[in-house]
Amino acid sequence: MLQPRTVAGGAARVGTVEPGSWRSSALTTAQRGYGSRWQTARAAYLKAHPFCVYCLRDYRLAATDEADVILECAARGLPLPYATVLDHRVPHRGDQRLFWDRSNWQPLCARHHSGEKQRTESAER
């Protein structure tokens with residue numbers, strides 16, 4: 001039988017939503033701001049900023065425009081660092097002003113968003 005994954009001290013590896021968190025309220029995803037307006041803004045932002053900023057940093061890519069990133073990745077045998085998640089640099093925690101502040105947005109790939117970014121935010125709590 002499979003055992004649950006835990007880390008030293010018996011703490012769960014995957015954080016749970018804290019009681020009282022804006023995420024644990026009775027609000028729907030759309031009511032929290034992630035409705036059609038967000039989906040449209042997200043798609044436009046990712047089209048204009050298609051690459052994960054953490055991947056660009058990790059790959060130490062000098063290129064900044066889309067064609068040059070593609071060429072540099074091809075020349076170095078790197079996978080293309082496409083972003084699929086529009087992340088909030090500073091967690092908005094339900095603050096709609098911060099939620100819609102485009103200077104607080106960054107494109108990330110799912111791996112970086114679910115890994116490094118979540119670990120960083122958990123450590124800041």
Side-chain angles (χ1 to χ4, degrees):
M1 174 180 264
L2 292 175
Q3 298 298 316
R5 293 182 176 186
T6 59
V7 294
R13 273 181 69 170
V14 178
T16 57
V17 176
E18 297 174 18
S21 166
W22 68 273
R23 288 183 176 168
S24 65
S25 72
L27 298 176
T28 66
T29 303
Q31 289 169 329
R32 290 195 322 257
Y34 293 99
S36 61
R37 180 177 169 212
W38 170 255
Q39 295 303 324
T40 301
R42 175 194 166 278
Y45 191 90
L46 290 176
K47 183 175 182 179
H49 306 90
F51 300 116
C52 171
V53 295
Y54 285 17
C55 287
L56 295 176
R57 175 202 65 199
D58 292 350
Y59 293 167
R60 294 184 177 101
L61 293 175
T64 55
D65 87 353
E66 190 171 1
D68 290 340
V69 168
I70 292 169
L71 291 173
E72 189 171 343
C73 284
R76 293 173 49 193
L78 298 171
L80 290 174
Y82 283 115
T84 56
V85 178
L86 180 51
D87 176 62
H88 293 90
R89 296 172 200 265
V90 175
H92 59 84
R93 310 244 193 281
D95 177 344
Q96 290 298 299
R97 182 193 55 77
L98 192 55
F99 183 94
W100 290 105
D101 180 359
R102 291 176 183 259
S103 68
N104 190 37
W105 295 356
Q106 66 182 349
L108 295 179
C109 65
R111 180 176 62 89
H112 277 118
H113 183 262
S114 297
E116 182 176 345
K117 180 69 185 334
Q118 297 305 314
R119 282 190 303 276
T120 302
E121 286 184 9
S122 293
E124 293 171 354
R125 288 186 199 163

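These numbers come from a predicted model, not from an experiment. Hydrogens, waters and symmetry mates are skipped; everything else that's a heavy atom, side chains included, is used.
Ring geometry, His88 versus Phe99: the interplanar angle falls from 30° to 60°, so the pair is classed tilted.
Transitive grouping of hydrophobic side chains (ILVMFWY, heavy atoms separated by less than 4.5 Å) keeps Trp105 and Val85 in distinct clusters. Both Trp100 and Tyr34 are assigned to one and the same hydrophobic cluster, defined by single-linkage of ILVMFWY side chains at heavy-atom distances under 4.5 Å. No single ILVMFWY cluster, assembled from side-chain heavy atoms under 4.5 Å apart, contains both Leu108 and Tyr82. Put simply, Leu61 and Phe51 are part of the same group of oily side chains (I, L, V, M, F, W, Y) that touch within less than 4.5 Å, one to the next.
Contact detail for Ala63 and Glu72: the closest heavy-atom pair is N-OE1, 3.1 Å. Among all heavy-atom pairs drawn from Leu56 and Pro81, the shortest one is CD2-CG, 4.0 Å. Listed here is the closest heavy atom pair of Leu98 and His92: CD2-CA, 3.6 Å. Counting all heavy atoms, side chain and backbone alike, Pro79 lies closest to Cys73 at O-SG, 3.9 Å.
We find that Asp95 and Arg93 are not joined by a salt bridge, their nearest charged nitrogen and carboxylate oxygen being 4.0 Å or further apart.
Heavy-atom contacts from other residues, nucleotides or ligands closer than 6.0 Å to CZ of Arg76 number more than 12.
Side chain of Gln118 to main chain of His113: a donor-acceptor pair is present (N/O by atom type, distance under 3.5 Å, no hydrogens or angles). Side-chain atoms of Tyr59 do not come within 3.5 Å of backbone N or O of Leu78 as any donor-acceptor pair. Proximity of a side-chain donor or acceptor of Arg57 to a complementary backbone N or O of Cys52 within less than 3.5 Å is not detected.
Of the candidates Val69, Asp68, Ile70, Glu66 forms a side chain to side chain contact (heavy atoms under 4.5 Å, CB included) with just one, namely Ile70.
Side chains of His112 and Asp58: a donor on one and an acceptor on the other come within 3.5 Å.
Cys109 SG to Lys117 NZ: the interatomic distance, rounded to the nearest 0.5 Å, is 12.5 Å. Between Arg42 atom CZ and Ser36 atom OG the span is 13.5 Å, to the nearest 0.5 Å. The line from CZ of Arg97 to CG of Asn104 is 9.0 Å long, rounded to the nearest 0.5 Å.
Side-chain contact check for Arg111 versus Tyr54: every heavy-atom pair is 4.5 Å or farther apart.
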